[in-house]
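Labels below follow one simple rule: chain letters A, B, ... track the order of the sequence lines, proteins then strands, and each chain is numbered from 1. A quick note: this is a predicted structure, and the numbers were derived from the prediction, not measured.
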Amino acid sequence: MKFWSRYFIPTLKESPADAEIASHKLLVRAGLVRKLGGGLYTFLPMGLRAMQKVSKICREEMERSGAIELLMPHIHPAEFWADGPRWGPVREIMFRVDSAGDGKRGPREPEFVLGPTHEEVITPLIKSEITSYRDLPKCFFQIGTKFRNEIRPRFGLMRAREFVMMDGYSFDADDAGAVKSYMAMKDAYEAFFKRIGTQAIAVEADTGVMGGSFSHEFMVPAEVGDDDLFYNEESGYAANREKARSAIVPEGLADPAPLGPTEEFPTPGAVTIAALEAAPYSVPADKQFKTLVMIGDGKPFLMVLRGCDDLEEAKLGSLGFALVRQATPEEIEPVMGAKPGSLGTVKGTIKDRAALAGIFADNAIRLVGNGTTGANKDGVHIRNVNIARDLEISKFGDFRRVKAGEPDPIGGRPLQVRRGIEVGHIFKLGTKYSERIDAGYTDDKKERHLFVMGCYGIGISRTLQAVIEQSHDADGIIWPWAIAPFQVLICLLDPQDAEATLIAARLATAAEHAGADVLVDDRAERPGVKFKDADLIGVPLRITVGGRGIKEGIVEMKWRAAKEVVKIPLNDAEATIGQIIRDKA
RNA sequence: CGGGGUGUAGCUUAGCCUGGUAGAGCGCCUGGUUUGGGACCAGGAGGUCGUAGGUUCGAAUCCUAUCGCCCCGACCA
C-alpha cells in the first residue's frame with residue numbers, strides 16, 4: 001500500500017513539446033518516465049512498477065514453456081562480434097566502450113561493445129557447456145537492458161537507445177526439434193500477450209539481418225505503428241508488408257495469345273507510367289511492363305514488374321545478393337542504351353546484355369498480355385509485347401508489394417491492412433550461428449552435428465508503451481488489470497477528516513488482502529484534481545471515500561474503463577470490494 | 001546519413017519578420033476565501049533567451065558556426 005502524498009507520481013497537465021504520439025505524451029504526463037537524452041529514459045516509480053509486472057508475466061510464461069533464465073553481461077568483448085555474420089550490418093548500431101576511458105586504447109576498433117542482443121555470447125557458452133545429445137534440447141532466456149545506438153530514436157520508449165528486452169535462445173539436435181521449440185515459444189508469446197491484456201497478432205515476417213529460415217513478428221495494432229500488417233481474420237493469414245503475398249496470379253494461368261507482332265512507337269517525353277496511361281497513348285498501368293535497374297553486390301540486374309505494382313525490396317533477399325540498391329541514371333544508360341523512362345527487356349534491345357547479373361520478374365507480369373514496355377531507345381516504347389515470345393526472363397518470383405483488398409494466399413479472401421507496432425519477434429535461425437564457431441554435439445552414434453538454433457525477443461519496455469497506445473482515452477491511460485502499477489486507487493477526498501481516513505484505510509487494507517496493489521490518494525487537493533489525476537494515471541478500479549458519501553452511508557466504486565459509478569453500502573464495503581478484486585484476479 | 005523544423009523560467013509558450021528595460025499561462029512559495037471533475041483573490045521567488053563567434057552605439061531578434069531536440073526516409077524489440 002502506498003500513500004500518494006509520500007510517494008512520487010509527478011503528473012503534468014500539459015504534454016511535453018517533444019512528445020508526438022498519445023502513448024508518449026501519457027508516459028510523461030502520468031509520471032511514468034522522464035527523458036535523460038534522445039532515446040534514454042528514466043523509469044519513475046510508476047513506470048517501473050508497470051514494467052516489472054510485464055517482466056514478471058513474461059518470465060512466468062517463458063518458464064512455463066520450459067525455458068531457463070540466466071543473465072549475460074551487457075558489456076561484450078568486441079572480438080565476439082568482430083567478423084561475425086552480423087558485424088557489418090549491426091556494428092553501426094553498437095555502442096563501443098573504451099575501457100581505459102582516455103581515448104588512447106583501441107581508438108580504431110573498440111575493445112568492448114554494449115550488447116544489442118546476445119546470440120554471439122550464448123552460442124560460444126553453449127558450445128563449451130553442451131556436448132551431448134543427452135543435454136538437448138535447451139532453451140535459455142534473460143530479461144534485461146539492451147543497447148542499440150539507433151540512428152533515429154523515436155516516440156519515447158518505442159525506439160530507444162537503451163531498452164528492456166526479453167531475449168531467448170533455443171538449441172536443438174535437429175530441425176524437427178527446432179521447429180518444436182519455435183512453436184513452444186509462439187505459444188508462450190501468445191499466452192504472455194493475452195495475460196498482460198493486449199491484443200498482439202502473430203504475422204509472418206522477413207528474417208532481415210538475423211538470417212534464418214522463418215520467423216513471426218508479434219504486432220500490436222496501432223495507427224502509429226511502423227509496419228503494415230496484411231491479414232484476413234477468416235483464413236488466419238497474417239504477414240507484414242515485407243513478407244505479404246497475395247493470390248492475384250491464378251494457378252495454371254495460360255499466357256494470353258499474341259495479338260500481333262511487336263511494334264515500336266514514338267513516346268517523346270513520356271517517361272513515367274502515368275504519362276503512358278494518359279492520352280494519346282492510353283495504356284493502362286496494368287498493361288505496362290516496368291523495368292527497374294538494380295545493383296546487387298556491385299553488378300546490375302533487372303527487375304520487371306507490372307506498371308501498377310511497386311517493388312518490395314525486402315523480397316529481393318531471395319536472389320542471394322548481400323547488398324542491393326537502385327542503380328543511378330549514370331549507371332543505367334551504358335548498360336541499357338536509354339535513360340530511365342524508356343527501359344524494357346524485349347529480346348535484343350538491351351545494349352549490354354552481358355553486363356547484367358540476371359533479369360528477374362514478378363509473377364504478376366504473367367497477367368499482362370500484349371503489353372507495352374520501353375524500347376531502350378529514349379522516347380520510344382514497344383507495344384504488343386508478350387512474355388513468352390518477346391521477353392527474356394531468367395527467373396520469376398514474388399517481388400511486388402501487395403495491396404489491401406487482394407486475395408490472401410490461403411483462402412483467396414480479401415487482405416485487410418493495419419498499422420502495427422512490433423513488440424515481439426521469433427526466429428528459427430537454423431545453424432547460421434552454430435556453424436560459424438562450430439558449435440555442436442555428439443549423437444548416440446558418436447556422430448557430430450551442429451546445434452539447430454532459434455532466437456526470440458520481446459521488447460518489454462516497448463510493449464509497455466504499446467499497451468498505452470492501445471488502451472487510453474482523452475483523459476489518460478486505461479491500464480489492463482494485470483500490469484497496472486496499482487490496481488486500486490482509494491480516492492480519499494477528505495484526508496483531514498478522521499472518519500473518512502479510517503474508512504479509506506480499512507478499504508485499502510481489505511483490497512490489499514484480496515491481492516490488489518493499492519494506492520491511497522491522501523493529498524490535500526481538491527476533488528477535481530484528484531479525479532483528473534486518477535483518470536490520467538489509469539488505475540483500473542477507483543474507490544471514492546468522501547464526506548458526501550459517508551453521510552449517505554456509501555462509498556463509490558468506478559472502473560476506469562466504464563462510465564457509471566456504483567454505490568456500495570458502507571457496512572459491507574470491505575467484503576464487497578474484496579470479492580470484486582478476487583474475481584478480477 | 002539525406003530532407004524539414006525547433007531551441008526563451010520546472011512545464012507549455014508569446015516576443016524574432018521590422019534590433020532599443022524579456023512577457024503570459026500552468027506549476028512552486030506566503031496569506032486569505034473556497035472545497036465532489038484540473039477554484040478564486042492578493043503578494044512572491046524563478047530567465048547567462050542552447051553555446052561560441054560576428055554585424056551594430058545597442059542583439060532573444062540579423063549573419064556564421066556548433067550542439068541538443070523533434071518530424072519524414074532506410075533499420076530495428
Enquirer: Just checking A:Glu223: does its CD atom have more than 12 heavy atoms from other residues, nucleotides or ligands closer to it than 6.0 angstrom?
Expert: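 Atom CD in A:Glu223 is not packed in, count stays at 12 or less.
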Enquirer: Using atom P in both nucleotides, what's the gap between B:rG37 and B:rA77 to the nearest angstrom?
Expert: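 Their P atoms lie roughly 48 Å apart.
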Enquirer: So what does A:Val423 touch, heavy atoms closer than 4.0 Å: a base, only the sugar-phosphate, or nothing?
Expert: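 Contact class for A:Val423: sugar-phosphate only.
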Enquirer: Determine the interatomic distance between P on B:rU12 and the same-named atom on B:rC69; round to the nearest Å.
Expert: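 These two P atoms come out 15 Å apart once rounded.
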Enquirer: For the pair made of CG in A:Asp18 and C1' in B:rU13, what is the distance, rounded to whole Å?
Expert: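 One finds 14 Å between C1' of B:rU13 and CG of A:Asp18, rounded.
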Enquirer: Examine B:rC70: is either OP1 or OP2 under 4.0 Å from a nitrogen or oxygen in the side chain of A:Arg154? Give yes or no.
Expert: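 So the side-chain polar atoms of A:Arg154 never come under 4.0 Å of the phosphate oxygens OP1 or OP2 of B:rC70.
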Enquirer: Mind checking the NZ-NE2 spacing from A:Lys186 to A:His216? Nearest 0.5 Å is all I need.
Expert: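 That separation rounds to 4.5 Å.
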Enquirer: Checking all strands, does A:Ala19 fall into the base, sugar-phosphate, or nothing category for heavy-atom contacts under 4.0 angstrom?
Expert: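 Nothing, no heavy atom under 4.0 Å.
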Enquirer: Across the strands shown, which category fits A:Asp494 at heavy-atom distances under 4.0 angstrom: base, sugar-phosphate, nothing?
Expert: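 Nothing: the residue A:Asp494, judged by heavy atoms under 4.0 Å, touches no strand.
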Enquirer: Taking atom CD1 as the centre, does A:Ile75 end up with more than 12 heavy-atom neighbours from other residues, nucleotides or ligands that are less than 6.0 angstrom away?
Expert: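 At most 12 heavy atoms, drawn from other residues, nucleotides or ligands, come within 6.0 Å of this atom.
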Enquirer: Base, sugar-phosphate, or nothing: which does A:Phe155 touch, judged by heavy atoms less than 4.0 Å apart?
Expert: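 Since only primed, P, OP1 and OP2 atoms lie under 4.0 Å of A:Phe155, the category is sugar-phosphate.
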Enquirer: Suppose you measure atom P in B:rG53 against the same atom in B:rC49; what distance do you get, rounded to whole Å?
Expert: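 13 Å, rounded to whole Å.
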Enquirer: Say you pick atom C1' in B:rG7 and the same atom in B:rA52; how far apart are they, in whole Å?
Expert: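 It comes out at 15 Å once rounded to the nearest Å.
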Enquirer: Can A:Phe531 be said to stack with the base of B:rG38, given centres closer than 5.5 angstrom and planes under 30 degrees apart?
Expert: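 Stacking between A:Phe531 and B:rG38: absent.
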Enquirer: Tell me which nucleotide, if any, is Watson-Crick or G-U wobble paired with B:rG7 when both distances must be under 3.5 Å.
Expert: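 Paired with B:rC67.
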Enquirer: Rounded off to whole Å, could you give me the NE2-to-P distance for the A:His24 and B:rC70 pair?
Expert: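 To the nearest whole Å, that distance equals 8 Å.
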Enquirer: With rounding to the nearest 0.5 angstrom, report the CD1 to CG distance, A:Ile122 to A:Asp167.
Expert: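 If we round to the nearest 0.5 Å, A:Ile122:CD1 and A:Asp167:CG are 8.0 Å apart.
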Enquirer: Can the ring centroids of A:Phe192 and A:Phe218 be said to lie less than 6.0 angstrom from one another?
Expert: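 No - the distance between ring centres of A:Phe192 and A:Phe218 does not fall below the 6.0 Å cut-off.
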Enquirer: Is there a Watson-Crick or G-U wobble partner for B:rG2 with both distances under 3.5 Å, and which nucleotide is it?
Expert: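 B:rC72 is the nucleotide pairing with B:rG2.
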Enquirer: So, OP1 or OP2 of B:rC70: does either fall under 4.0 Å of a side-chain N or O from A:Lys35?
Expert: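 It does, given that an N or O in the side chain of A:Lys35 lies less than 4.0 Å from OP1 or OP2 of B:rC70.
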Enquirer: Classify the nucleic acid contact of A:Ser461 as base, sugar-phosphate or nothing, counting any heavy atom under 4.0 Å across all strands shown.
Expert: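 The answer is nothing, as A:Ser461 stays clear of every strand by at least 4.0 Å.
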Enquirer: Could you tell me how far apart A:Arg159 (CZ) and B:rC69 (P) are, to the nearest whole angstrom?
Expert: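 Whole-Å distance recorded here is 15 Å.
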Enquirer: Using atom P in both nucleotides, what's the gap between B:rU66 and B:rG4 to the nearest angstrom?
Expert: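 To the nearest whole Å, 16 Å.
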Enquirer: By the 4.0 Å heavy-atom rule, please label A:Arg29 as base, sugar-phosphate, or nothing.
Expert: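 Counting heavy atoms under 4.0 Å across all strands, the contact made by A:Arg29 includes a base.
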Enquirer: When the C1' atoms of B:rG68 and B:rA22 are compared, how many Å lie between them, rounded to an integer?
Expert: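 So the two C1' atoms sit 23 Å from each other.
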Enquirer: If you count the non-hydrogen atoms of other residues, nucleotides and ligands that lie under 6.0 Å from CD in A:Gln326, is the total more than 12?
Expert: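 No - once you tally the heavy atoms of other residues, nucleotides and ligands closer than 6.0 Å, there are 12 at most.
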Enquirer: May I have the step-by-step check of salt bridge (charged side-chain N to carboxylate O under 4.0 Å, His left out) for A:Asp473 and A:Arg560, ending in yes or no?
Expert: CA-CA 10 Å; A:Asp473 62 17; A:Arg560 175 61 179 87; 2.8 Å; yes
Enquirer: Taking only the side-chain heavy atoms of A:Leu536 (C-beta and beyond), determine which of B:rG38, B:rG37, B:rG36 contains the nearest atom.
Expert: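 Looking only at side-chain atoms, A:Leu536 lies closest to B:rG38.
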Enquirer: Between B:rC26, B:rG36, B:rG37, spot the one nearest the side chain of A:Lys558, thanks.
Expert: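 Nearest listed nucleotide: B:rG37.
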Enquirer: Examine the base of B:rC75 for any acceptor or donor lying under 3.5 Å from a partner atom in the side chain of A:Arg148, and report the outcome as yes or no.
Expert: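 Flag unset: no donor-acceptor pair detected.
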Enquirer: Does the separation of the ring centres of A:Tyr456 and A:Phe141 fall below 6.0 angstrom?
Expert: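 Ring-ring flag for A:Tyr456/A:Phe141: false, centres at least 6.0 Å apart.
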Enquirer: Does B:rU30 have a Watson-Crick or wobble partner in any strand here, with both distances under 3.5 angstrom, and which is it?
Expert: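 WC or wobble partner is B:rA42.
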Enquirer: Need the pair for B:rA24. Rule: Watson-Crick or G-U wobble, both distances under 3.5 Å, any strand; none if unpaired.
Expert: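 Partner of B:rA24: B:rU12.
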Enquirer: Testing the 3.5 Å rule here: is there a donor-acceptor pair between the side chains of A:Gln142 and A:His118?
Expert: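 A:His118 and A:Gln142 do have a side-chain donor-acceptor pair below 3.5 Å.
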Enquirer: Specify the separation, in whole Å, of atom CG of A:Leu12 and atom P of B:rC28.
Expert: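 Taking CG of A:Leu12 and P of B:rC28, I get 11 Å after rounding.
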Enquirer: Which nucleotide, if any, forms a Watson-Crick or G-U wobble pair with B:rC62, using both distances under 3.5 Å?
Expert: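 The answer is B:rG54, by the H-bond criterion.
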Enquirer: Say we look at B:rA9 and B:rG2: how far apart would their C1' atoms be, to the nearest angstrom?
Expert: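 Result for the C1' pair: 36 Å, nearest Å.
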Enquirer: The side chain of A:Asp535 is closest to which nucleotide in this list: B:rG36, B:rC71, B:rG37?
Expert: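 Nearest nucleotide to the side chain: B:rG37.
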Enquirer: Can you find an N or O donor on one side and an acceptor on the other, under 3.5 Å apart, linking the side chain of A:Glu14 with the base of B:rG27?
Expert: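 Checked by distance alone, the answer is no.
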Enquirer: Measuring only the C1' atom in each nucleotide, how far is B:rU34 from B:rC11? A whole number of Å is fine.
Expert: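 Each nucleotide's C1' atom is 26 Å from the other's.
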Enquirer: Starting from C1' on B:rC70, measure out to CD on A:Glu150 and report it in whole angstrom.
Expert: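 The answer, rounded to whole Å, is 17 Å.
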Enquirer: Does A:Arg542 get its side chain close enough to the base of B:rG37, under 3.5 Å, for a donor-acceptor pair?
Expert: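 Check passes, donor-acceptor contact within cut-off.
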Enquirer: Can you measure A:Asp167 atom CG to B:rC76 atom C1' for me and round it to whole angstrom units?
Expert: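 That distance rounds to 14 Å.
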Enquirer: Please give, in whole Å, the distance from B:rC76 P to A:Asn149 CG?
Expert: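 Nearest whole value for this atom pair: 16 Å.
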Enquirer: Using whole Å, report how far CG of A:Leu311 lies from P of B:rA74.
Expert: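 These atoms are roughly 13 Å apart.
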Enquirer: NA contact type, A:Gly38, heavy-atom cut-off 4.0 Å: base, sugar-phosphate, or nothing?
Expert: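 Touches sugar-phosphate only.
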Enquirer: Can a side chain N or O of A:Arg523 be found less than 4.0 Å away from OP1 or OP2 on B:rG38?
Expert: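 For B:rG38, neither OP1 nor OP2 has a side-chain N or O of A:Arg523 closer than 4.0 Å.
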Enquirer: Nearest to the side chain of A:Phe427, which nucleotide is it out of B:rG36, B:rA77, B:rG38?
Expert: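 Shortest atom-to-atom distance from the side chain points to B:rA77.
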Enquirer: By nearest nucleotide on RNA chain B, pick out whichever of A:Pro153 and A:Ala160 is the more 5' one.
Expert: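 It is A:Pro153 whose nearest nucleotide is closer to the 5' end.
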Enquirer: Is the phosphate of B:rA39 approached by A:Arg526 (side-chain N or O, under 4.0 Å from OP1 or OP2)?
Expert: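 For B:rA39, OP1/OP2 do have a side-chain N/O of A:Arg526 under 4.0 Å.
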